[in-house]
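Just so you know, these numbers use all the heavy atoms, side chains as well, and skip hydrogens, waters and symmetry mates.
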Protein chains: 2
Amino acid sequence: MSKQYTISDLAEMYDTTTRTIRYYEELGLLQPKRIGGRRIYSDRDRVRLKLILRGRRLGFRLDEIREMLEWYDLDPTEVYQLREVIRKGDEKLAQIDEQIRDLQAVREELLELRDHMQRLLDEKTREGEKS
Amino acid sequence: MSKQYTISDLAEMYDTTTRTIRYYEELGLLQPKRIGGRRIYSDRDRVRLKLILRGRRLGFRLDEIREMLEWYDLDPTEVYQLREVIRKGDEKLAQIDEQIRDLQAVREELLELRDHMQRLLDEKTREGEKS
DNA sequence: GGGAAAATTGACGTTTCCGTAAACGTTAAA
DNA sequence: TTTAACGTTTACGGAAACGTCAATTTTCCC
């Protein structure tokens with residue numbers, strides 16, 4: 001019994017706006033059903049929206065995200081397409097791995113900086129105790 | 001003997017453009033010395049540029065990056081500033097940890113998709129062999 | 001010292017990702 | 001039934017992060 005959602009259900013659920021969701025549809029990232037004029041979102045649509053928003057948070061552009069979403073519903077009998085997706089997917093994986101490494105580097109540096117600040121702060125507060 | 005760089009040295013070194021570097025200066029992220037009219041970049045400037053570009057790749061906005069850069073040269077005698085930086089740094093760390101988790105999730109999903117595609121492809125090619 | 005190469009400033013253009021508002025139709029609740 | 005809330009399309013706007021082009025310096029090299 002796949003659930004149904006209105007556009008504002010989803011907007012609230014994922015803390016975004018209806019304008020944004022309609023914009024994603026304009027770009028072809030979502031294709032909700034219509035009842036009358038109104039958009040009806042399935043669970044599949046909901047999951048796609050979730051993926052889109054996560055992708056955005058991670059700095060991917062919307063056309064990159066659209067391409068990756070398309071990988072999930074390509075024709076599984078087209079050998080050429082399969083090969084292409086595997087190749088592009090490997091590229092994306094390499095890119096993601098680098099991004100993770102970069103983030104871990106930033107993390108380390110921030111931790112060091114934090115420790116440094118903490119030591120300075122400790123000195124200062126001990127100094128204050130002496131008076 | 002701290003090295004000196006021209007703007008195009010740095011542009012080439014980090015695969016960006018002089019326009020971009022000047023733009024970062026406009027926003028206050030870099031403050032190179034001048035000799036006559038021209039900009040001269042020190043090693044410190046170079047490292048800052050490297051950090052900026054890495055931050056950009058990771059999806060941080062330039063004003064976020066500027067704030068984080070400022071942490072490296074604040075007044076170490078100002079207890080309030082120290083506390084503030086530690087607090088903000090902790091926030092940033094939490095945010096980075098979440099980003100890493102998200103990226104690892106995307107990574108897993110891409111790997112699964114890749115395996116799925118690979119299996120489909122294997123079936124297809126075995127099918128071809130039979131003929 | 002003269003000309004090519006490199007750098008500078010200023011202005012405007014572009015792309016991405018939405019926000020906002022107008023003007024209108026639809027649905028639900030009192 | 002009416003009225004408030006919700007949804008739709010269309011259009012324009014706007015910030016962020018640069019690209020591009022033109023008009024001037026500035027510098028380097030022979």
Can a donor-acceptor pair be found between the side chains of B/Arg46 and B/Tyr5 at a distance below 3.5 Å?
->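 Yes, a side-chain donor-acceptor pair sits under 3.5 Å.
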
May I ask you to say what A/Ile40 touches in the nucleic acid, namely base, sugar-phosphate or nothing, with a heavy-atom cut-off under 4.0 Å?
->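 Nothing, no nucleic acid heavy atom in range.
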
Sugar-phosphate, base or nothing in reach of B/Arg56, heavy atoms under 4.0 Å =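 The residue B/Arg56 makes sugar-phosphate contact but no base contact.
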
Does the side chain of [X] get closer than 4.0 angstrom to OP1 or OP2 of [N] through an N or O atom?
X	N	result
B/Thr18	C/dT8	no
B/Arg39	C/dT8	yes
B/Arg38	C/dA6	no
B/Thr20	D/dA17	no
A/Arg66	C/dC17	no
B/Thr17	D/dG19	yes
A/Thr6	D/dG7	yes

For B/Leu62 and for B/Gly37, find the nucleotide of DNA chain D with the closest heavy atom, then tell me which residue's nucleotide is more 5'.
->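 So the residue in question is B/Leu62.
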
Most 5' of B/Asp63 and B/Ile35 on DNA chain D, judged by nearest nucleotide =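 That would be B/Asp63.
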
Could you give the [atom1]-to-[atom2] distance, from [X] to [N], as a whole number of Å?
X	N	atom1	atom2	result
B/Arg22	D/dC18	CZ	P	14 Å
A/Tyr23	C/dT20	OH	P	16 Å
B/Gln4	C/dA7	CD	P	15 Å
A/Glu26	D/dT10	CD	P	9 Å
B/Arg61	D/dG14	CZ	P	20 Å
B/Arg57	D/dA17	CZ	C1'	16 Å
B/Ile7	D/dT27	CD1	C1'	15 Å
B/Leu27	D/dC18	CG	P	9 Å

Would you check if the side chain of A/Thr17 reaches a backbone N or O of A/Thr20 as a donor-acceptor pair within less than 3.5 Å?
->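 Side chain of A/Thr17 to backbone of A/Thr20: a pair is present.
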
Under 6.0 Å from the CD atom of A/Glu12, do we count more than 12 heavy atoms belonging to anything else shown?
->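 No.
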
Gap separating the CG atom of A/Leu49 from the CG atom of A/Leu10, nearest 0.5 angstrom |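 These two atoms lie 6.0 Å from each other.
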
What heavy-atom pair brings B/Pro32 and B/Glu25 nearest, and what distance separates the two atoms?
->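 Scanning both residues, the minimum pair turns out to be CG-OE1, 3.6 Å.
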
What's the closest nucleotide to the A/Arg34 side chain, out of D/dT9, C/dC18, D/dG19?
->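 Given the options D/dT9, C/dC18, D/dG19, the side chain of A/Arg34 is closest to D/dT9.
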
